[in-house]
Trainee: 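Here it is: the structure, laid out below.
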There are 2 protein chains.
Amino acid sequence: MGRWEPNTRERLAKAALDLYGERGFEQTTVAEIAKSAGLTERTFFRHYADKREVLFSGAIELEQLFTRAVAGAPPSAAPIDAMAAGLDAICAVFEERRDFARKRQAVISATAELRERELIKLASLAAALTDTLRARGVPPSVAGLTAETGVAVFKVAFERWIVADETRPLARLARESLDELKAVALGGNAPMSEV
Amino acid sequence: MGRWEPNTRERLAKAALDLYGERGFEQTTVAEIAKSAGLTERTFFRHYADKREVLFSGAIELEQLFTRAVAGAPPSAAPIDAMAAGLDAICAVFEERRDFARKRQAVISATAELRERELIKLASLAAALTDTLRARGVPPSVAGLTAETGVAVFKVAFERWIVADETRPLARLARESLDELKAVALGGNAPMSEV
DNA sequence: CACTTTGATGTCAGTTACTGACATCGACGC
DNA sequence: GCGTCGATGTCAGTAACTGACATCAAAGTG
């Protein structure tokens, strides 16, 4: 056994989520989180860059999972279909942790500062997906738009999935949202450049 | 003449942008901004909620301009075409202030904290557009996706427009981006629900 | 014209997020 | 057994932000 209790990062993350949920993000001090995990404030900041980041440690793995699924789609698949494959992959992991996801999202949605952080994580995800698509040979401009579209579809699907009375699987909601988006894009009567 | 110099907010905003540009956002203290505008730190925080917000005072007007243009589109226009009308309206105001936009964007792009704030402003814009579309009778799910799409198109177009050697008007880039997005959405071979 | 009220600002003390420098001490390799 | 290492603790410091109260010109009110 080590000199200290193991799983420092995880203990901090759990303590933070619990406290943010009970008292709210702003009413919780970092010192309290650290104490609740049997550590000091300084140690918290050695593991997480700031008070918000403690809720986003899974972002790296999510990004990897998503980009690998996109990269692994059949070379013949259209960009938007490669994105769809990635969406399927990440939906699966969310499906396994629905309770956690809901608890975490309730905390994030309640605080503007945390929503900001969530948005930049999604933007970073879109950037990574853009790179992945470009590596598949997709032209830069198309890659960027496709990645943004994929992330937007996920956002919408996740919003629908997180509500209490929703029972359909996330992946299904994502597929529906993507189909809806296609319909939206088709809705215009003419390309804008002709208007 | 009043007891103090007029245009307090504007003076603070100008001082902040200048200092952020010269020294960088993190290397600038609020006390310095206030002093540079002939005021105190406390007064800064009476006008702006925090150190970042001083760069985003135009967000409200932008939102109003965008939503009014969408609301004012012909009732017969498809949702995506109403969005296109809104895009045209805001592109016009950016076109008039290109130097300012470029200076401001350079500061924002350089700092993660400011990018976060920018993203939440765009998210708030998308939410407002969703409401506007719903008021036009667009079904909620379509409204959300259309609004997100419109904002994504603007982001991409703005990114292209802001680069130094770009000479095409923003509105034109927005139209092109929207057309590209339509092509992206159409690119898939089959609706996802059939995959 | 004196008197009051109002609103924007200044002053000051306090909390808390976050950082740098240095100390501690069990684990682990040698 | 011994020295290095890595994770943590301790402590002092900066700066964002807030609440309470003071100030004082301007604008109303009699």
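This one's a predicted model, so the numbers in the text were calculated from it and none came from an experiment.
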Trainee: Quick check: are there more than 12 heavy atoms from other residues, nucleotides or ligands sitting under 6.0 Å from CZ of A:R134?
Mentor: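 For A:R134, atom CZ is not crowded (no more than 12 foreign heavy atoms under 6.0 Å).
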Trainee: What's the CZ-P distance between B:R11 and C:dA8, to the nearest Å?
Mentor: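 Taking CZ of B:R11 and P of C:dA8, I get 14 Å after rounding.
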Trainee: Nearest whole angstrom, please: distance from the C1' of D:dA15 to the CD1 of B:I33.
Mentor: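 Interatomic distance, CD1 of B:I33 to C1' of D:dA15: 12 Å.
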Trainee: Pull out every residue in residues 39-58 of chain B that has a heavy atom closer than 4.0 Å to any atom of DNA chain C, ordered by number, or say none.
Mentor: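 Output list: B:L39, B:T40, B:R42, B:T43, B:R46, B:H47.
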Trainee: Would you check if there is a donor-acceptor pair between the side chains of A:S124 and A:E63 at a distance under 3.5 Å?
Mentor: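 On atom types as modelled, these side chains qualify, holding a pair under 3.5 Å.
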Trainee: Could you state the atom-to-atom distance from CG of A:N7 to C1' of D:dA7 in whole Å?
Mentor: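 Atom CG in A:N7 sits about 14 Å away from atom C1' in D:dA7.
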Trainee: Give a yes or no on whether A:R102 atom CZ has more than 12 heavy-atom contacts from other residues, nucleotides or ligands under 6.0 Å away.
Mentor: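 Count over threshold, so yes.
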Trainee: According to a 4.5 Å side-chain heavy-atom criterion applied to Ile, Leu, Val, Met, Phe, Trp and Tyr, with indirect links allowed, do B:V107 and A:I120 form part of one hydrophobic cluster?
Mentor: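 No.
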Trainee: Whole-Å distance between C:dC28 C1' and A:R3 CZ?
Mentor: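 Computing the A:R3:CZ to C:dC28:C1' distance gives 14 Å.
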Trainee: Is the NZ or CZ atom of B:R104 both under 6.0 Å from the centre of the six-membered ring of B:F56 and within 45° of that ring's axis?
Mentor: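 Cation-pi check for B:R104 and B:F56: passes.
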Trainee: For B:E116, run the side chain to side chain contact (heavy atoms under 4.5 Å, CB included) check against A:E113, A:E118, A:R52 and tell me which one passes.
Mentor: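 One option only clears the test, and that one is A:R52.
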